[in-house]
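What follows is one structure encoded as structure tokens, with my remarks underneath.
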Amino acid sequence: MSIQFIDLKAQYQHLKADIDARIHAVLDHGQYIMGPEVKELEAQLADYTGARHAIGVCDGTKAILIALMALGIKPGDEVITTPFTFIATGEMIALLGAKPVFVDIDPVSYNLDPALLEAAITPRTRAIMPVSLYGQCADFDAINAIAAKHGLPVIEDGAQSFGASQHGKRSGNLCTIGTTSFFPSKPLGCYGDGGAVFTNDDELAKKMREIRIHGQDRRYHHPVIGLNGRLDTIQAAVLLAKMPSFPTEVEARARIGARYSELLQDVARVPVIAAGNTHVYAQYTIEVDNREAVQQALQQLGVPTAVHYPIPLHLQPAFAHLGQGEGSFPLAEAAGKRVMSLPMHPFLDEATQDAIVAAVKKALG
């Protein structure tokens, strides 16, 4: 049995006719940059999330950057975030000359712990950017309440959580600005790079649209400094072909994730879904002892695995200047040594999942 970590080929075969038709429509009209499919997709994304504005951008990393720029983040400012995430989260803060201020995680959800948040706020704090890691939203009720108390905007790094919800509201529409990624392996993925930003604030939406096109409000007129952050029309077309089946895929992910947890709860630490949350399982991540040995055993048994993320941001060489060594954020560090992701995609059948589970039990035995 050949087991895929993420089976994009199966998804393409399922949606081939629609995807091909959408791509060929773009090839026929030839509007490869900011073509009509971009606006059509934005309307569907706004409708799906419930946000007033959805703005397609070139990738999830630039989505974060555009959000920070729209909020006026500048050198000397501080932005609070988690150290247990992909480098892009902290990288975009630093790229603007601001300082990422890390707060340790809740060891159950792996998301930023709101109980530690207020102590990290200083007179230089300009924003809070939690990450909805692995496909489960951070605790935005608690985070937004603290942010409101201090007059701070909140950005959701929802690169992994598009399709997840919290108390009936979807990721992307839980705070001041939501961001997401449409990287091919994400829950909703295109066939290259892509992303989006979301907001209910008309002025922020206007700024982000301008920033996305070199700070332009009309042709050759640039009120602000921006960047080239446009979403390609062909990528928008691929996403449009996937949107009708996306709710079904989200349901499949939830079902497959729940089944994994039921089958593995006695042998590994499995994901816990917080009250009021749904989980889109961008990754299905467990914790194990002796991770390297377990991964090697699984590889020999034909089961691919991945680690998201082995080295927290404060221990990355790029952030060494912050002076936060080993022991600074012990819960993020502990998670980084133990987490391991198993194959997860909406086309994972029960027979294949059973084989994966049997291999995990054997490797842990």
Side-chain angles (χ1 to χ4, degrees), residues 26 31-49 51-73 79 85-89 91-93 95-96 127 129 131-132 153-163 170-217 222-240 242-243 246 282:
V26 176
Q31 298 177 55
Y32 301 119
I33 303 296
M34 298 300 288
E37 286 80 2
V38 174
K39 188 169 286 189
E40 183 183 356
L41 175 67
E42 290 174 341
Q44 290 194 23
L45 293 174
D47 182 66
Y48 182 81
T49 59
R52 188 180 304 153
H53 303 280
I55 301 160
V57 298
C58 58
D59 57 63
T61 302
K62 298 302 190 310
I64 295 170
L65 181 61
I66 289 168
L68 291 166
M69 291 173 71
L71 292 172
I73 303 301
V79 178
T85 181
F86 182 58
I87 186 70
T89 313
E91 185 181 37
M92 293 302 98
I93 298 168
L95 192 67
L96 291 174
M129 185 159 57
V131 176
S132 294
V154 178
I155 303 169
E156 179 189 20
D157 178 348
Q160 299 175 14
S161 58
F162 189 78
R170 287 195 167 119
S171 177
N173 188 29
L174 296 169
C175 55
T176 315
I177 300 174
T179 72
T180 199
S181 168
F182 299 129
F183 186 79
S185 62
K186 302 302 186 193
L188 179 64
C190 55
Y191 288 169
D193 280 313
V197 291
F198 306 88
T199 188
N200 292 311
D201 185 304
D202 295 344
E203 185 59 31
L204 282 175
K206 179 176 180 292
K207 286 181 182 177
M208 291 191 289
R209 286 194 178 96
E210 291 173 358
I211 291 167
R212 173 182 63 172
I213 312 178
H214 299 287
Q216 177 176 281
D217 64 350
H222 307 267
V224 297
I225 296 296
L227 47 81
N228 181 1
R230 301 170 300 204
L231 177 65
D232 290 341
T233 309
I234 283 181
Q235 302 304 341
V238 171
L239 293 167
L240 282 167
K242 291 186 175 189
M243 281 296 289
F246 183 63

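Numbers here simply count residues along the sequence, with the first being 1.
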Would you please test E156 and T179 for side chain to side chain donor-acceptor pair (under 3.5 Å) and show each step?
CA-CA 6 Å; E156 179 189 20; T179 72; over 6 Å; no

Could you walk me through whether T199 and N173 satisfy the side chain to side chain contact (heavy atoms under 4.5 Å, CB included) test, starting with their C-alpha distance in whole Å, then the side-chain angles of each, then the deciding distance to 0.1 Å, before giving a yes or no?
CA-CA 7 Å; T199 188; N173 188 29; over 6 Å; no

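- Annotation for A88 and T61: closest pair CB-OG1, 3.6 Å, computed over non-hydrogen atoms.
- Judged by distance alone, with hydrogens and angles left aside, the side-chain atoms of T89 form no donor-acceptor pair with the main-chain N or O of T85 at under 3.5 Å.
- With sequence neighbours left out, the side-chain hydrogen bond (donor to acceptor under 3.5 Å, both in side chains) criterion links D202 to R52, H53.
- Of the possible donor and acceptor atoms, one in the side chain of R170 sits under 3.5 Å from a partner among the backbone N and O of Y48.
- Here the side chains of K62 and N228 are not in contact, with every heavy-atom distance at 4.5 Å or above.
- In this structure, the side chains of L227 and R212 stay at 4.5 Å or more apart for every pair of heavy atoms.
- Of all non-hydrogen atoms in A51 and F198, the two that sit nearest each other are CB-CB, 4.0 Å.
- In this structure, L239 and C190 have side chains that are in contact, with non-hydrogen atoms separated by less than 4.5 Å.
- When the side-chain hydrogen bond (donor to acceptor under 3.5 Å, both in side chains) test is applied to E91, no partner is found at least two apart in sequence or on another chain.
- In this structure a side-chain-to-backbone donor-acceptor pair under 3.5 Å is missing from E210 to V224.
- Side chain of S181 to main chain of A159: no donor-acceptor pair is present (N/O by atom type, distance under 3.5 Å, no hydrogens or angles).
- Considering only heavy atoms from C-beta on, Q31 comes within 4.5 Å of P36 through its side chain.
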M243 vs L41, test: side chain to side chain contact (heavy atoms under 4.5 Å, CB included). Steps then yes/no.
CA-CA 9 Å; M243 281 296 289; L41 175 67; 4.3 Å; yes

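- Using a 4.5 Å heavy-atom cutoff, the side chains of L174 and V154 are not in contact.
- When atom types are taken as modelled, the side chain of D201 and the backbone of E203 share a donor-acceptor pair closer than 3.5 angstrom.
- To the nearest 0.5 Å, atoms CG (L231) and CD1 (I33) are separated by 9.0 Å.
- Ring pair F162/F182 is perpendicular by interplanar angle, where above 60° counts as perpendicular and below 30° as parallel.
- Scanning for side-chain hydrogen bond (donor to acceptor under 3.5 Å, both in side chains) contacts around E37 gives H29, with sequence neighbours left out.
- Interatomic distance, M129 CE to I93 CD1, rounded to the nearest 0.5 Å: 3.5 Å.
- Put simply, the side chain of V26 reaches to within 4.5 Å of the side chain of Y32, judged on heavy atoms.
- The closest side-chain heavy-atom distance from F86 to D157 is not below 4.5 Å.
- Judged purely by atom type and a 3.5 angstrom limit, H222 uses its side chain to pair as donor or acceptor with the backbone of H214.
- Put simply, CG on L96 and CG on L65 are 5.0 Å apart, with the number rounded to the nearest 0.5 Å.
- Residues A63 and V57 share a closest heavy-atom pair of CB-CG2, 3.8 Å.
- Atom CZ in R230 sits 8.0 Å away from atom CE in M34 (nearest 0.5 Å).
- Put simply, CD1 on I177 and CG on L204 are 4.5 Å apart, with the number rounded to the nearest 0.5 Å.
- No donor-acceptor pair under 3.5 Å is formed between the side chain of T176 and the backbone N or O of P153.
- A 4.5 Å side-chain heavy-atom check between F246 and P187 finds at least one atom pair inside the cut-off.
- A54 and A46 get closest at one heavy-atom pair: CB-N, 3.6 Å.
- Atom CZ of F183 is separated from atom CD of Q160 by 11.5 Å, given to the nearest 0.5 angstrom.
- Minimum interatomic distance between S171 and S161 (heavy atoms only, all atoms of both residues): OG-OG, 2.8 Å.
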